[in-house]
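Numbering of ligands and ligand atoms starts at 1, following listing order.
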Amino acid sequence: MEKVVYWFRRDLRVRDNWGLIRAASRGPVVGVFVWDSAVVGRAGRFGQAFLVDSLVQLREEMRRCGSDLVVVRDLEELEGRQVVCSDEVGVFESAEADRVGAELVRQDFLVDYDWRKLPGIFTKFRKEVEPLGAVQVLGVPELRGWVWDGEECLLDQLAEEVSIVELMMPPGLRGAAWRGTWFFSGLEPVPVSVYKDTRNGFDGWNSSSLLSSYLAWGCMSVREAAAEVRRCEDLYAANDSTYWFILELLWRDYFHYLARQQGVKMFLREGIQGLELDWSGGDELYDAWCGGWTGYPIVDACMRQLAATGWMSNRGRQITANFLTKVLNVDWRMGAEWFERNLIDYDVASNWGNWQYHAGVGTDGREFRVFHPVKQAAEHDPASEFIQKWLPELAGVSAKEARIPGAHCDVVVDFDEAVGVNRSQYLARARNSKAGS
Ligand SMILES: Cc1cc2nc3c(=O)[nH]c(=O)nc-3n(C[C@H](O)[C@H](O)[C@H](O)COP(=O)(O)OP(=O)(O)OC[C@H]3O[C@@H](n4cnc5c(N)ncnc54)[C@H](O)[C@@H]3O)c2cc1C
């Protein structure tokens, strides 16, 4: 039997890994991770630090299963070998798999769906796939290894090359198991069963699941997460929260299928709608947004949290993406790139898909939805604890004062005026584009 390389990409686990199971059925397997691949290139300093530790843990697991994991610098090392890998979405990711002639195995999805038929609206997709039914999780395959005969680089050396950052969550398989245990069985009430009430938190371990980094790097599969929800439902009861959590996992599937369907359009300025907008906001506004100096406290607190930790909540991502595009009128792709460079849980489909959605050029209808930063802060951070944590210059003022634009620095634009101008532009262009299509 021929020696097989299982090329790990964003599926850093041995359990419930379809690709690894396929590779094991072909012959003796060694796992390889390519450091200079699109996957690593797209990860920022937090992502890379998370990745190195996750690889160390994956290597331990592969050895326990009778094989090994090696890390190589160059994709060339895979050329001419029998390579199996997961069919990751992303233009560069696909090109790399083609280059080494890899056998592609279906990527980690919760539901089976023909992406060619994917509707442009999430709700339609959701209705088609519901009810979901049982979720099957595959076990750990039996592996036989072989001794790697190419160049390899040492994980210790990589650990020295990546930036030293403090990770807010423990990486890898152990981190995934730890956080999964907390979320699906830790406390009373079990966090997943109150998820609908906690999911909009900005900060802290008691808000949403914080599983995204494990899902994005594949330390946990999406089906493992869904199967845990089903287990909780059997043990306790199904409720709105358990339903809502699965719904969020479906958003992930949706954006991944969308990326497969739309290919390069995921990255175009006019988005998948082909809507040409005049993104007139310049570098100064963009820099103020990145650095957390727009003068809008909730926006700045979220942006500073991201820069310091590599993490931002879903609520924070919505507010800041909406602010960059609808208020500052800055090209949404610059925001997507900033998130790409900073998020630990960066995932090409979820990031670029969500950004398009908020910029109004993606899957959302052609409306101009605005998140008001003061109202958002009042609703989701009523005591201004989060704002004051990340903007210490506001410590000591009342919760209400801490939300007021200009409280910690001058505002870069007037909210009402900017929104008025940008809304008119957007609606006029959307009308013309509809008339022309
Ligand atoms: C502008 C923008 C950019 C984003 N970029 C990313 C990204 O690069 N990587 C990423 O994983 N998520 C991204 N998201 C989606 C979402 O914000 C994060 O998945 C979520 O905040 C992660 O926290 P959690 O694990 O606690 O989520 P939970 O609320 O606990 O949700 C559970 C899981 O469902 C999935 N999920 C939840 N919401 C979404 C969504 N809107 N789209 C896709 N999947 C979702 C994630 O895998 C998440 O871990 C982005 C959202 C926005 C608005």
Engineer: Mark up the atoms of ligand 1 that fall under 4.0 Å of a heavy atom belonging to A321, in ascending order.
Structural biologist: 1 (C)
Engineer: Counting both backbone and side chain atoms, is some N or O of N351 under 3.5 Å from an N or O of ligand 1?
Structural biologist: yes
Engineer: Look at ligand 1 and say whether W352 reaches it with a heavy atom at a distance under 4.0 Å.
Structural biologist: no
Engineer: Determine the sole option in E96, R260, E93 for which the side-chain contact (heavy atoms from CB on, under 4.5 Å) test with E88 is passed.
Structural biologist: E93
Engineer: Going by heavy-atom distance to atom 27 (O) of ligand 1, choose the closest among P191, A216, S209, G335.
Structural biologist: S209
Engineer: Using a 3.5 Å cut-off on N or O atoms only, is F255 in polar contact with ligand 1?
Structural biologist: no
Engineer: Could you tell me, atom by atom, which parts of ligand 1 come under 4.0 Å of a heavy atom of L211?
Structural biologist: 25 (O), 49 (O)
Engineer: Do Y243 and E130 get their side chains close enough for a donor-acceptor pair, meaning under 3.5 Å?
Structural biologist: yes
Engineer: At a non-hydrogen distance cut-off of under 4.0 Å, which region of D347 contacts ligand 1 (side chain, backbone, both, or neither)?
Structural biologist: both
Engineer: In terms of ring plane angle, is the pair Y254 and F125 parallel, tilted or perpendicular, where the classes change at 30° and 60°?
Structural biologist: tilted
Engineer: If you take the nearest heavy atom of each of Y346, F245, F339, F122, which one is closest to atom 32 (C) of ligand 1?
Structural biologist: F245
Engineer: Hey, which atoms in ligand 1 end up nearer than 4.0 Å to a heavy atom of L215?
Structural biologist: 47 (O), 49 (O)
Engineer: Can you check whether H358 has an N/O within less than 3.5 Å of an N/O in ligand 1?
Structural biologist: no
Engineer: Report, in ascending order of atom number, the atoms of ligand 1 lying under 4.0 Å from any heavy atom of L249.
Structural biologist: 33 (C), 34 (O)
Engineer: Measure the CZ-CZ distance between R10 and R42 for me, rounded to the nearest 0.5 Å.
Structural biologist: 8.5 Å
Engineer: Select one of side chain, backbone, both or neither to describe which atoms of Y195 lie under 4.0 Å from any atom of ligand 1, heavy atoms only.
Structural biologist: side chain
Engineer: Report yes if some N/O of D345 lies less than 3.5 Å from some N/O of ligand 1; otherwise report no.
Structural biologist: yes
Engineer: Out of N322, D253, L210, whose heavy atom is nearest to atom 24 (P) of ligand 1?
Structural biologist: L210
Engineer: Work out which heavy atom in M169 is nearest to a heavy atom in S213; give both atom names and the distance.
Structural biologist: SD-OG, 3.3 Å
Engineer: Around atom CD of Q157, are there more than 12 heavy atoms of other residues, nucleotides or ligands at under 6.0 Å?
Structural biologist: yes
Engineer: Please state which protein non-hydrogen atom is closest to atom 18 (C) of ligand 1 and give its distance, to 0.1 Å?
Structural biologist: R317 NH1, 3.7 Å
Engineer: Note the single closest protein heavy atom to atom 23 (O) of ligand 1, along with its residue, its atom name and the distance in Å.
Structural biologist: W311 CH2, 3.0 Å
Engineer: Around atom 2 (C) of ligand 1, find the nearest protein heavy atom and jot down its residue, atom name and distance.
Structural biologist: N354 CB, 3.5 Å
Engineer: How long is the straight-line distance from CG of D347 back to CG of L215, given to the nearest 0.5 Å?
Structural biologist: 9.0 Å
Engineer: So, taking the atom named CZ in R64 and the one named CZ in R59, what distance separates them when rounded to the nearest 0.5 Å?
Structural biologist: 12.5 Å
Engineer: Using a 4.0 Å heavy-atom cut-off, which part of W244 comes near ligand 1: side chain, backbone, both, or neither?
Structural biologist: neither
Engineer: Counting the benzene-type ring for Trp, do F33 and F8 have ring centres under 6.0 Å apart?
Structural biologist: no
Engineer: Going by heavy atoms in the side chains, are H358 and W332 under 4.5 Å from each other?
Structural biologist: no
Engineer: How many angstroms lie between CG in D287 and OG1 in T294, if you round to the nearest 0.5 Å?
Structural biologist: 12.5 Å
Engineer: Backbone, side chain, both or neither: what part of T320 comes under 4.0 angstrom of ligand 1, heavy atoms only?
Structural biologist: neither
Engineer: Quick check: do W355 and M266 have side-chain heavy atoms less than 4.5 Å from each other?
Structural biologist: no
Engineer: Compare R252, E248, Q356, R42 and give the one whose heavy atom is closest to atom 37 (C) of ligand 1.
Structural biologist: E248
Engineer: Is there at least one pair of N or O atoms, one from Q318 and one from ligand 1, spaced under 3.5 Å apart?
Structural biologist: no
Engineer: Taking distance alone, with no angle check, do R199 and ligand 1 share an N/O pair under 3.5 Å?
Structural biologist: no
Engineer: Report yes or no: do W244 and E248 form a side-chain donor-acceptor pair below 3.5 Å?
Structural biologist: yes
